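Written out below as structure tokens is the structure these notes cover.
Note that this is a predicted model, so its numbers are computed, not measured. Protein chains get the first letters and strands the later ones, always in sequence-line order, with residue 1 at the start of each. Heavy atoms only: backbone and side chains are in, while hydrogens, waters and symmetry mates are out.
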Amino acid sequence: MNSKMRTVVNEHMDAIIEKWIELMKEEKGERFFHFMPQHLVEKTSREFTALMTSNINEGESALNDERLDDFTEKVIRFGWSIKFVNKAIDNFASVVFEMLEDQEVITEQNLRIFMGVFTGWINPLRESIIEAYAVKWEQTDTLQKVALQELSASLIPVVDKVSIMPLVGTIDTERAKLIMENLLEGVVQQRAEVVLLDITGVPVVDTMVAHHIIQAADAVRLVGAKCMLVGIRPEIAQTIVALGINLSDFTTTSTLRRGMQEALSLTNREIVEVE
Amino acid sequence: MDNRSSVEIFTEWDIVAARQLGRNEAKNSGFGTVDQARITTAISELARNIYLYAGKGKIEIDRLSTDGMKGMTIIASDEGPGIPDLRKVMEDGFSTSGGLGAGMPGVKRLMDDFKVESEVGKGTIITATKWLR
Amino acid sequence: MNVRIPILKLDEVLIVSIQWELDDQTAIQFQEDLLNKMHETTARGVVIDLTSIDFIDSFIAKVLGDVISMSSLMGAKVVITGIQPAVAITLIELGIRLENVMTALDLENGLTKLRRELEA
């Protein structure tokens, strides 16, 4: 049974792949099969089918981790969702099943036995692929978090005595600690007398975020500099007031430009045009 | 276990000894300057609480290494009067000694994990852990 | 055993640089010495430099806060300079804000700031 199935599947591989691609293209919101270069689609599809047939071609244990890893890493990069991967497996299974029926490998008589063989083939594969996908996804997720932490929160010395820290993205407790450390080390190192915390890139300022910002500003005051909050968008001003957060001890401005002027005047300087 | 070191707290000088031990242990464990300051300060607060409220007790410091996580645990124990109202001492601004009242909630904020066990008339054990990031 | 923190006088300003870890006795002794010196010399300003201090607990923070309040009662302004980032972070996390305290990055900035305050 198995050997016959294997022979027929291998013989008709090209037709299977073609049909499978057709089916995948019909998926709603599908981008990969429509917009990627043809040779890339072809290659990825062959890798996928090779993966799917590895355990009938090379025996049960042939589904090696390396191949699985390579494939999942690739499709994650291509932006395949886990749902899409699942659908790809479904489609592959139904294409193969239809083909086996057409070739009369599957008949009315052996249907019951064959179902067992067939699910014994596809299901373990599905499990392994989904698991590999989840593991890879977690890794990607952790990497992104680290990357975000690394790129976030550097203090930039703009002019003598004035430095700027642009904050981008959501601020959680972990990041807030990092921001505070970078901010203070930077202030002391750069001998900044005024620092501008720019929150233009912070999507939401809730009580927690405001609390972290207030703490950071307090700490800046302790090391001997002044902290100003700039880049307060109208909706942020609205939420701050609505939440009853008191920022009255702060100098705040709506734009970085006005903050900069303020910072210069605090350090007894101004920008003049050269005639 | 040689990952543990300790200082008995009897006098004000022992507070200094405890935090010096803590600072060295923190430095040797690979903590950065900010975490060193956090740990030293936490030990100072805990040791002073022992000195002020229990009269005598002990600060123990364990170096931890579990599941790839490294860290440091401070165990402050005494056989003093105990804490009658645990919830109250964890409120910001609460103090019975006329200090700044930053003690317990402050220590909790400085460390990652924090646990108080106390029985009136028997004593108090405070366990606080900082993990190496 | 008792080490005293030296207090220097420069014109109208007293300068204190704390060079080693403060124990409770030294801290209290310092508070007393500083107030006496202020009284003797009629200094109008004090700069306390903490550059070499790598931690401050609530007790020392309280002593410092008290010194500042007492000095202002005696008509003198205090600037604290050189608080290390790690110290600032632990103070904030402890919940000690040291409000109404003038601060500066270092001794030099502190003296400038103080002179400006005294002239005003």
Segment of A:Ala192 engaging chain C (4.5 angstrom heavy-atom cut-off): backbone
For chain A, which residues of residues 79-88 of chain C have heavy atoms nearer than 4.5 angstrom: C:Ile83, C:Gln84, C:Pro85, C:Ala88
Which residues share a salt bridge (Lys or Arg N to Asp or Glu O under 4.0 Å) with A:Arg221, sequence neighbours left out: A:Asp218
C:Leu91 CG to A:Leu222 CG distance, which is reported to the nearest 0.5 Å: 6.0 Å
A:Asp141, CG atom: more than 12 neighbouring heavy atoms under 6.0 Å: yes
Residue selection (most heavy-atom pairs with chain C, distance under 4.5 Å) from A:Gln215, A:Lys177, A:Glu181: A:Gln215
Heavy atoms from other residues, nucleotides or ligands near CD1 of A:Ile271 exceed 12 (cutoff 6.0 Å): no
More than 12 heavy atoms of other groups within 6.0 Å of A:Lys43 NZ: no
C:Glu99 atom CD: more than 12 heavy-atom contacts under 6.0 Å: yes
Interface moiety of A:Val220 toward chain C, non-hydrogen atoms closer than 4.5 Å: neither
Determine all donor-acceptor pairs shorter than 3.5 Å in which one atom belongs to a side chain in residues 32-40 of chain C; sequence neighbours excluded.
residue, atom, partner, partner atom, Å
C:Asp33, OD1, C:Gln29, NE2, 3.1
C:Asn36, ND2, C:Glu32, O, 3.4

Heavy atoms from other residues, nucleotides or ligands near CZ of A:Arg257 exceed 12 (cutoff 6.0 Å): no
Close contacts, residues 102-120 of chain C versus chain A, judged by heavy atoms under 4.5 Å: C:Thr103, C:Ala104, C:Leu105, C:Asp106, C:Asn109, C:Lys113, C:Arg116
A:Glu235, CD: over 12 other non-hydrogen atoms inside 6.0 angstrom: yes
